[in-house]
Amino acid sequence: MKIKNICCIGAGYVGGPTMAVIAQKNPDIMVTVVDLDEDRINQWNEKELDKLPIYEPGLAKVISETRNRNLFFSTQIDNSIEKSEIIFISVNTPTKTYGDGKGMAADLKYVELCARQIARVAKTDKIVVEKSTLPVKTAEAIQDILNNTGNGVNFEILSNPEFLAEGTAMRDLAVPDRVLIGGNYKTKNGKKAMKSLVNIYESWVPKKNILTTNIWSSELSKLTANAFLAQRVSSINSLSELCEATGADVLEVAKAIGMDTRIGDKFLKPSVGFGGSCFQKDILNLVYIAKSLGLNEVAEYWHQVIKMNNYQRFRFAKNIIRSLYNTVNGKKIAFLGWSFKKDTNDTRESAAIYVADALLNEKAYISVFDPKVNSKKIMDDINSLGTRPENQNMKYLKFEKEPYKIADGAHAIAILTEWDEFKNYDWKRIFNLMNKPAFIFDGRNILDKIILEKIGFVYQGVGRR
Ligand code: NAD
Ligand code: UDX
């Protein structure tokens, strides 16, 4: 099938950048990204590119090249579905917060709504692509809804999970390690649908990097890839505590093990704990699926990755309290960074939220600076935990637009995100602004311990004495 129009439902961190790159590399295809959220669509259509709804290095450039050429952002969902041959479902699939599977299973209500809308609107055959991360076997449910509520047209379901990481999304999309396409290659229509999607990616991705599999393998591979990556972070974080207890240096250990080509050196950075919208959600989902199938040992094995991560966040907060003479009551702690990693404005599941919550429980005052996160987001994040009344959060948690302001009168600096600019701050000036002894808790090991100790700081990294 020759594809002339693509519709992507969901203009988020995945839908926006992914479709921008597809449009850039396929100038003859009209790509429309649609969303229920009118504000978000308006932001995607903002003339001033620094007002796009997500911050991602390199994104603004691709948007300026493609927007209103063959990339469009719209709330006209029905219209876009109707005219497109391929529809990507790229909506959020958060952890369920209610009912059966609460706190574990993926909430598929948004995906199901998309399927019902596609079925209602489609008057011609469509290829429906799962771009969202979904539990294995979801394609069966989507197919069922489409077949039972549709207008008698043919729907082919494909799974095409997205592997981009935030902060490096544009590079990940431009030169992906692999593109995974799962489908029903036993039927003629299934094969044709897969070929149509392969053609779109072949505009820029080498053939050898486009992997086609059966649909269940594709769905499960996405959950598994995230679980493996998160497992490495929890593994090195577990060792960071052992290093602190023994005098080994976790960076030296990571280097030594990473040089073994069988292990590799990526994803071995100790930290204050992993965050982001994917790792925790996808592992919990994996645990839920395993449990539902009665595979309790499998479930417990993966659950430990999350437990270790929660412990690492808690341990970081506890160490601050212990080091500040067992009380932070009334003390000011300055947070550098709030996003879950550098080069993104995304704060979902950021370790900073949980560390702040633990310190607020101890009545500390927290001042935050982050280069890309604003005060509203920070307050929403902390309020969403529901730990204490919002006016209490307002009193104790403050946001500053300028990094040196947070240091003024602070007892300690905590580095929560590894933003590059933090390395180049005037640390002598920061020291002079602070209460003494001036502590630094470097949750990302990005600063130079020797230089800081020379200035007079009491420095503590993760996994290093
Ligand atoms: P997001 O929350 O940023 O965006 C989802 C968008 O879908 C929102 O703007 C929401 O308004 C919209 N939406 C929800 N229901 C809708 C409906 N019925 N009709 C129209 N629009 C609707 O989410 P995201 O981070 O882009 O993630 C999307 C999916 O991709 C998730 O399944 C996630 O697990 C997966 N994923 C995310 C990343 C990442 O780095 N964020 C990477 C790989 C995969
Ligand atoms: C992840 C996957 O990498 C990506 O393939 C998938 O599509 C979505 O989920 P993302 O969450 O955007 O991407 O970022 P990632 O780079 O994986 O980092 C996740 C978290 O782990 C961050 O909080 C990061 O700081 C932390 N991390 C990562 C570490 O603490 N140490 C590391 O060595 C690597």
Side-chain angles (χ1 to χ4, degrees), residues 7-19 33-41 43-44 53-54 56 73-75 77-78 80-81 87-95 106-118 130-135 138 160-169 172-173 176-178 180 222-223 225-230 232-237 240 254 258 265-283 285 309 312-313 337 339-344 346-352 416-418 443-445 462:
C7 165
C8 172
I9 310 181
Y13 282 86
V14 168
T18 311
M19 292 303 129
V33 188
V34 293
D35 205 294
L36 290 169
D37 184 339
E38 208 175 321
D39 282 348
R40 214 168 203 188
I41 291 298
Q43 282 175 291
W44 279 112
I54 68 177
E56 192 60 56
F73 292 93
S74 161
T75 50
I77 305 179
D78 283 1
S80 174
I81 291 173
I87 298 142
F88 287 83
I89 299 179
S90 189
V91 298
N92 37 331
T93 49
T95 304
D107 191 344
L108 299 180
K109 73 175 171 202
Y110 305 106
V111 172
E112 176 165 347
L113 281 172
C114 290
R116 289 187 183 276
Q117 189 163 9
I118 295 168
E130 298 174 344
K131 186 53 117 177
S132 298
T133 303
L134 296 168
T138 305
N160 172 220
E162 185 46 62
F163 293 98
L164 69 79
E166 290 177 28
T168 54
D172 298 342
L173 290 164
D177 287 349
R178 78 318 209 169
L180 180 57
K222 174 64 201 176
L223 288 185
N226 275 351
F228 269 60
L229 290 168
R232 282 177 70 97
V233 179
S234 275
S235 297
I236 200 70
N237 280 343
S240 70
D265 61 358
K266 300 212 172 89
F267 265 73
L268 285 181
K269 283 203 198 88
S271 64
V272 56
F274 60 72
S277 64
C278 293
F279 281 179
Q280 175 169 303
K281 156 177 88 70
D282 293 346
I283 295 181
N285 190 9
N309 195 52
Q312 187 75 352
R313 295 161 168 173
S339 59
F340 80 96
K341 64 186 282 198
K342 73 171 180 178
D343 292 337
T344 177
D346 196 346
T347 64
R348 289 177 287 183
E349 289 303 325
S350 178
L416 276 305
T417 315
E418 73 282 22
R444 300 288 184 162
N445 290 333
V462 177

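All values reported here derive from a predicted model rather than from experimental measurement. Order of appearance sets the numbers: ligands from 1, and atoms from 1 within every ligand.
Close contacts of ligand 1 with Ser90, meaning ligand atoms under 4.0 Å from a residue heavy atom, involve 5 (C), 28 (C). Every atom of ligand 1 with a heavy atom of Lys281 under 4.0 Å away is listed here by number and element: 33 (C), 34 (O). Atoms of ligand 1 lying under 4.0 Å from at least one heavy atom of Tyr13, given by number and element, are 3 (O), 24 (P), 25 (O), 26 (O), 41 (N). Close contacts between ligand 1 and Glu166 involve ligand atoms 39 (C), 40 (O), 41 (N) [criterion: under 4.0 Å to a heavy atom]. Near Arg348, the atoms of ligand 1 lying under 4.0 angstrom from a non-hydrogen atom of the residue are 1 (P), 2 (O), 3 (O), 23 (O), 25 (O), 41 (N). Of all atoms in ligand 1, listed by their number and element, those nearer than 4.0 Å to a heavy atom of Lys222 are 43 (C). Of all atoms in ligand 1, listed by their number and element, those nearer than 4.0 Å to a heavy atom of Leu36 are 16 (C), 17 (C), 18 (N), 19 (N), 20 (C), 21 (N). The Gly12 neighbourhood of ligand 1 comprises atoms 1 (P), 3 (O), 4 (O), 26 (O), with distances under 4.0 Å to a heavy atom of that residue.
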Item to check | Derivation and outcome, side-chain contact (heavy atoms from CB on, under 4.5 Å), residues Asp343 and Thr168 | outcome: CA-CA 8 Å; Asp343 292 337; Thr168 54; over 6 Å; no

Item to check | Derivation of the side-chain contact (heavy atoms from CB on, under 4.5 Å) call for Phe274 and Asn237 | outcome: CA-CA 10 Å; Phe274 60 72; Asn237 280 343; 5.7 Å; no

Next on the checklist: Does Thr93 form a side-chain contact (heavy atoms from CB on, under 4.5 Å) with Lys281? I'd like the steps, not just the answer.
Outcome noted: CA-CA 9 Å; Thr93 49; Lys281 156 177 88 70; 3.2 Å; yes

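One N or O on the side chain of Arg232 and one on the backbone of Lys266 form a donor-acceptor pair closer than 3.5 Å. Between the side chain of Asn92 and the backbone N or O of Pro94 there is no donor-acceptor pair closer than 3.5 Å. Looking only at distances, a side-chain donor or acceptor of Trp44 sits under 3.5 Å from a matching main-chain atom of Ala11. The closest donor-acceptor contact from the side chain of Gln312 to the backbone of Ser234 lies at 3.5 Å or more, if one exists at all. Judged by distance alone, with hydrogens and angles left aside, the side-chain atoms of Asn285 form no donor-acceptor pair with the main-chain N or O of Thr95 at under 3.5 Å.
Of all the heavy atoms of Gln117, none lies under 4.0 Å from any atom of ligand 1, so neither backbone nor side chain is involved. For Asp282, no heavy-atom contact with ligand 1 is shorter than 4.0 Å. With a heavy-atom cut-off of 4.0 Å, Ser132 touches ligand 1 through backbone and side chain alike. Within the 4.0 Å heavy-atom criterion, neither part of Ala165 lies near ligand 1.
Heavy atoms from other residues, nucleotides or ligands lying under 6.0 Å from NZ of Lys131 number more than 12.
Between Gly276 and Glu349, the closest heavy-atom pair is O-CB, 3.2 Å. Counting all heavy atoms, side chain and backbone alike, Asp172 lies closest to Ala165 at OD2-N, 2.8 Å.
With hydrogens left out, the protein atom closest to atom 32 (O) of ligand 1 is Thr93 OG1, 2.6 Å, a heavy atom. Closest to atom 44 (C) of ligand 1, if we only count protein heavy atoms, is Thr133 OG1, 3.5 Å. Atom 20 (C) of ligand 1 has its closest protein heavy atom at Ile9 CG2, 3.3 Å. Summary of contacts: the protein heavy atom closest to atom 14 (C) of ligand 1 is Asn92 OD1, 3.2 Å. Scanning the protein for heavy atoms near atom 38 (C) of ligand 1, the closest one is Val14 CG2, 3.2 Å. Ranking protein heavy atoms by distance to atom 29 (C) of ligand 1, first place goes to Val91 O, 3.3 Å. What sits closest to atom 43 (C) of ligand 1 on the protein, heavy atoms only, is Glu162 O, 3.1 Å. In terms of protein heavy-atom proximity, atom 11 (O) of ligand 1 is nearest to Asp35 OD1, 2.6 Å.
One distance of note links CD1 of Ile89 with SG of Cys114; it measures 5.0 Å at 0.5 Å rounding. Distance CZ/Phe340 to CG/Leu416: 14.0 Å, rounded to 0.5 Å. Put simply, SG on Cys7 and CD1 on Ile81 are 5.5 Å apart, with the number rounded to the nearest 0.5 Å.
Ser90 and Glu162 share no donor-acceptor pair across their side chains, judged by distance under 3.5 Å alone.
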Show me the short polar-atom pairs for ligand 2: any N or O of it lying under 3.5 Å from a protein N or O, with distances only.
residue  : atom   : partner : partner atom : Å
ligand 2 : 5 (O)  : Phe163  : O            : 2.7
ligand 2 : 7 (O)  : Glu162  : O            : 3.3
ligand 2 : 7 (O)  : Phe163  : O            : 3.3
ligand 2 : 7 (O)  : Leu164  : O            : 2.7
ligand 2 : 7 (O)  : Lys222  : NZ           : 2.8
ligand 2 : 12 (O) : Glu166  : N            : 2.8
ligand 2 : 14 (O) : Lys341  : NZ           : 3.3
ligand 2 : 16 (O) : Lys341  : NZ           : 2.8
ligand 2 : 23 (O) : Gly275  : N            : 2.9
ligand 2 : 23 (O) : Phe340  : O            : 2.8
ligand 2 : 25 (O) : Arg444  : NH1          : 2.7
ligand 2 : 30 (O) : Ser271  : OG           : 2.6
ligand 2 : 31 (N) : Lys269  : O            : 2.8
ligand 2 : 33 (O) : Leu268  : N            : 3.3
ligand 2 : 33 (O) : Lys269  : N            : 2.8

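The shortest distance between side-chain heavy atoms of Glu130 and Lys222 does not fall below 4.5 Å.
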